[in-house]
Amino acid sequence: VMFKPSFFLKNSGNSWQREVNALLDFQGRYWGGSSYRIQDAVVFLGGVEMRNGVRIGYSYDLTTSQLRKAGDGSHEIMVGYTFDLSFEKREKRYRSIRFL
């Protein structure tokens, strides 16, 4: 199990938004955690990374601000793909019939 904390700060014009995140990674394949968007929402999230690089996740935002009057929260579904890019030099192996 690996614990991955993070902090996110964003600006939209003259409005700032701060977010504190905590993510647990299980065996490099399963992940889950929570997030707190200061004065706005609490987020619960989880997902799985398939063996072929595809990540599927779900999160639920529970609104804590005045926007709560419009609804209880929001659901999000995420699908992503991780490309395996390797910039290391590969060991070249030459085969010659002389050494067979």
Side-chain angles (χ1 to χ4, degrees):
V1 176
M2 186 181 300
F3 177 64
K4 298 179 178 180
S6 64
F7 179 78
F8 186 58
L9 179 66
K10 61 183 172 180
N11 181 342
S12 175
N14 57 359
S15 169
W16 288 88
Q17 196 170 45
R18 298 167 308 277
E19 191 170 314
V20 179
N21 308 299
L23 192 67
L24 291 175
D25 189 359
F26 304 98
Q27 302 172 349
R29 186 162 183 209
Y30 306 99
W31 48 274
S34 63
S35 177
Y36 176 60
R37 199 171 306 122
I38 297 174
Q39 297 178 346
D40 185 34
V42 176
V43 181
F44 303 100
L45 53 113
V48 63
E49 183 166 346
M50 306 293 190
R51 297 195 191 281
N52 58 3
V54 175
R55 290 175 56 108
I56 300 171
Y58 168 78
S59 73
Y60 178 71
D61 291 25
L62 183 61
T63 308
T64 59
S65 68
Q66 294 297 325
L67 291 174
R68 180 177 46 199
K69 295 176 184 176
D72 291 333
S74 65
H75 301 272
E76 298 175 24
I77 296 174
M78 182 272 298
V79 176
Y81 181 76
T82 304
F83 291 95
D84 185 18
L85 299 176
S86 179
F87 297 105
E88 299 175 3
K89 288 186 177 181
R90 295 182 184 176
E91 184 180 318
K92 294 183 180 180
R93 295 178 53 159
Y94 296 102
R95 295 183 185 225
S96 174
I97 58 171
R98 293 186 304 177
F99 300 111
L100 291 178

Any side-chain heavy-atom pair of Val48 and Arg29 under 4.5 Å:
yes
Quick one: salt bridge (charged side-chain N to carboxylate O under 4.0 Å, His left out) partners of Arg55, sequence neighbours excluded?
Glu49
With hydrophobic residues grouped by side-chain heavy-atom distances under 4.5 Å, do Phe26 and Phe3 end up in a single group?
yes
Applying side chain to side chain contact (heavy atoms under 4.5 Å, CB included) to Tyr81 and Asn52, what does each step give before you reach the verdict?
CA-CA 9 Å; Tyr81 181 76; Asn52 58 3; 5.6 Å; no
Group every Ile, Leu, Val, Met, Phe, Trp and Tyr by side-chain heavy-atom contacts under 4.5 Å, then state whether Val1 and Trp31 land in the same group.
no
To the nearest 0.5 angstrom, please state how far the CG atom of Leu23 sits from the NZ atom of Lys4.
6.5 Å
Is Tyr36 reachable from Phe8 through a run of hydrophobic residues whose side-chain heavy atoms are each under 4.5 Å from the next?
no
Compare every heavy atom of Ser59 with every heavy atom of Leu45, then report the nearest pair and how far apart it is.
CB-CB, 3.7 Å
I'd like to know if the side chain of Asp25 reaches the main chain of Gln27, judged simply by a donor and an acceptor atom lying under 3.5 Å from each other, with no hydrogens or angles considered.
no
If I take atom CE from residue Met50 and atom OG1 from residue Thr82, how far apart are they, to the nearest 0.5 angstrom?
12.5 Å
Counting neighbours of CG on Leu9 that are heavy atoms of other residues, nucleotides or ligands and sit closer than 6.0 Å, is the number greater than 12?
yes
Would you check if the side chain of Ser34 reaches a backbone N or O of Val43 as a donor-acceptor pair within less than 3.5 Å?
no
Do Arg37 and Asp61 come close enough that some side-chain heavy atom pair is under 4.5 Å?
yes
Decide if the gap between the ring center of Tyr58 and the ring center of Tyr60 is smaller than 6.0 angstrom.
no
Spacing of Phe7 atom CZ and Ile38 atom CD1 [to the nearest 0.5 Å]:
5.5 Å
State plainly whether one hydrophobic cluster holds both Leu24 and Phe44, where clusters connect Ile, Leu, Val, Met, Phe, Trp and Tyr through side-chain heavy atoms under 4.5 angstrom apart.
no
For residues Ile56 and Met78: do they belong to one hydrophobic cluster (side chain heavy atoms under 4.5 Å, members Ile, Leu, Val, Met, Phe, Trp, Tyr)?
no
